[in-house]
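As structure tokens, the structure follows; a few thoughts come after it.
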Amino acid sequence: MVEIRKPIQVKEAVELVIAHAQKIGTEILSLEDTYGRVLAEPIVAKHDVPPFDRSPYDGFAIRAEDSAGASGDTRKSFHVVGEIGAGHVADRPIQAGESYRIMTGALIPEQADAVVMLEQTVENESGFTLRKPFQVGENISFKGEEARKGEQLIEAGTLIHPGTIALLATFGYSEVKVARQPIAGVLATGTELLDVSDELVPGKIRNSNGPMIRAQLTRMGIGYKSYGMMEDDLDACTEVVERALRETDLLITTGGVSVGDYDYLPTIYERLGAEVLFNKVAMRPGSVTTVAVLGGKLLFGLSGNPSACFTGFELFARPAILTMMGCHAPYMPRTQAVLGEDFKKPNPFTRFIRASWSMTPQGIVATPAGFNKSSAVSSIARGNCIIVLPSGTRGYEKGMTIDILLLGAEQGVERWEL
Ligand code: AMP
Ligand code: MG
């Protein structure tokens, strides 16, 4: 008898998985190794930024009062007493009618309270003249104008990107407390599977899910241990799943979660005493996606169908892994787009369509990336986003507004079509 499974809504399923994603502690890394990690402590300004009053331009540091009354007819003349390059300091304070030639980033000399840009001056033998009065503080980057000592600038739980690294470096964080990263186990199941380098033989296909999942992990900067491919053999698969759970922090398997004769993952979960969070999700593709927990570790049983497998990883495994890493924003960015072609099929379940978005004069247009069954591989290859069509809808026409999920959030676009 075929088991009847009760579908759970996608949102509920994702939240359930995230609720079971356990953090695995923190570690201290040297700054250069923190890209892609998650801050385990907030970034607090250890000093004012900038740390001293400085010049934002190449020009002359003056006392504003000495420029009072300057005009085109009555130019004010200044005597230049020296030069301050970035990283240098003035020998002495300036006095009435004096100035220092000053470069961008250099400390403002004592008594000076304005900077005249080079372009605003006419040089002469002893210095320069100018034709307008300056305000006190004009063209000065003030100590602490960007951040004050003690201010919290970035929250713990934020993913570290190059800008975060710049900020950490600014405050001398040569070592940073970050969340530990999980190691994922990856196992592809299916007696039909061949290795990438194998020749095709009747009835067999090459394992594309294994390499794809490993690349999805790599895109997130997550390390993994590959358990290769296993035939649909209950005992052998049980043994590998058990071993993988000892050796890794979470396990991603593909295939074998359906109700076919050789779909052994449900039996394996039962044998091992894993708690199944759900085994049917109201989504297409990937309704058989199953997630279980054992000893606090998540087991992702993704469908063997490539499009379902890909989507299952992005929807469930990715936010769970980010949550394990302490990230407080684990969801894929979502935005609206204009549908690029008709999609008339009904959507009894929430539908996720591999698609490609681009910028056009009409805004962001997302178009399904070709053959779109759950077994499709080429649409994953062509796609750069996922269109989401809510359950209970049908008859989407070109030009309608739809939602898209953006893949590879740290990736930029190649060109603007505007
Ligand atoms: P399953 O989820 O095991 O029922 O498999 C569903 C479909 O996905 C079948 O047509 C399988 O042959 C195919 N499939 C399973 N595993 C893989 C894999 N690793 N790579 C590519 N296709 C697969
Ligand atoms: Mg199978």
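We count ligands from 1, going down the list as the structure has it; atoms in each ligand are counted the same way.
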Practice prompt. Can you pull out the closest protein heavy atom to atom 12 (O) of ligand 1? Residue, atom name and distance to 0.1 Å, please.
Written response: Glu192 OE2, 2.5 Å

Item to complete: Using the salt bridge (charged side-chain N to carboxylate O under 4.0 Å, His left out) rule, take Asp53 and Lys143 through it: C-alpha gap first, then chi angles, then the decisive distance, then the call.
Response: CA-CA 5 Å; Asp53 290 351; Lys143 177 177 193 283; over 6 Å; no

Worksheet entry | Any donor-acceptor N/O pair, Ser67 side chain to Phe134 backbone, under 3.5 Å | yes

Discussion item. Under 6.0 Å from the ring centre and within 45 degrees of the ring axis: does the NZ or CZ of Lys46 meet both conditions for the six-membered ring of Tyr173?
Written reply: yes

Worksheet item: Among protein heavy atoms, which lies nearest atom 4 (O) of ligand 1, and at what distance?
Response: Asp263 OD1, 3.9 Å

Discussion item. Can you report which non-hydrogen protein atom sits closest to atom 7 (C) of ligand 1, along with the distance?
Written reply: Asn305 OD1, 3.3 Å

Discussion item. Would Asn209 count as being in polar contact with ligand 1, using the rule that some N or O on each side must be under 3.5 angstrom apart?
Written reply: yes

Worksheet item: Quick one: which ligand 1 atoms are inside 4.0 Å of a heavy atom on Gly256?
Response: 1 (P), 2 (O), 3 (O)

Worksheet item: Should the heavy atoms of other residues, nucleotides or ligands under 6.0 Å from CZ of Phe171 be counted, would the total exceed 12?
Response: yes

Worksheet item: N/O of Gly304 under 3.5 Å from N/O of ligand 1, yes or no?
Response: yes

Fill in: Residues Arg180, Glu27; criterion salt bridge (charged side-chain N to carboxylate O under 4.0 Å, His left out); working and verdict
CA-CA 6 Å; Arg180 269 185 199 283; Glu27 62 186 324; 3.8 Å; yes

Worksheet item: How close does the nearest protein non-hydrogen atom get to atom 22 (N) of ligand 1, and which residue and atom is it?
Response: Ile205 CD1, 3.3 Å

Worksheet entry | Audit row: Asn372, Arg354, side chain to side chain donor-acceptor pair (under 3.5 Å) steps and yes/no | CA-CA 7 Å; Asn372 239 302; Arg354 274 77 48 225; 2.7 Å; yes

Worksheet item: In terms of residue, atom name and distance, what is the protein heavy atom nearest to atom 19 (N) of ligand 1?
Response: Asn207 OD1, 2.8 Å

Discussion item. Regarding ligand 1, does Val257 bring an N or O atom to under 3.5 Å of one of the ligand's N or O atoms?
Written reply: no

Worksheet item: For ligand 1, is any non-hydrogen atom under 4.0 Å from Val377's backbone (N, CA, C, O), its side chain (CB onward), both, or neither?
Response: neither

Worksheet entry | For atom 20 (N) of ligand 1, closest protein heavy-atom neighbour | Ser208 N, 3.1 Å

Response to the item:
Under 4.0 Å from one or more heavy atoms of Arg206, ligand 1 contributes atoms 20 (N), 21 (C)

Item to complete: Under 4.0 Å from a heavy atom of Thr254: give me the atoms of ligand 1 that qualify, with their elements.
Response: 19 (N)

Worksheet item: Counting heavy atoms only, which part of Val288 comes closer than 4.0 Å to ligand 1: side chain, backbone, both or neither?
Response: neither

Worksheet item: Regarding Arg37 and Gln181, is there a side-chain donor-to-acceptor distance under 3.5 Å anywhere?
Response: yes

Worksheet item: Under the criterion ring pair (Phe, Tyr, Trp, His ring centres under 6.0 Å), which of Phe352, Phe278, Phe300 is the partner of Phe316?
Response: Phe278

Worksheet entry | Note: Lys225-Glu247 ion pair, threshold 4.0 Å (strictly below) | yes

Worksheet item: What part of Met229 sits under 4.0 Å from ligand 1 if we count only heavy atoms: the side chain, the backbone, both or neither?
Response: neither

Worksheet item: Does the Asp58 side chain pair with the main chain of Met103, one donor and one acceptor, at a distance under 3.5 Å?
Response: no

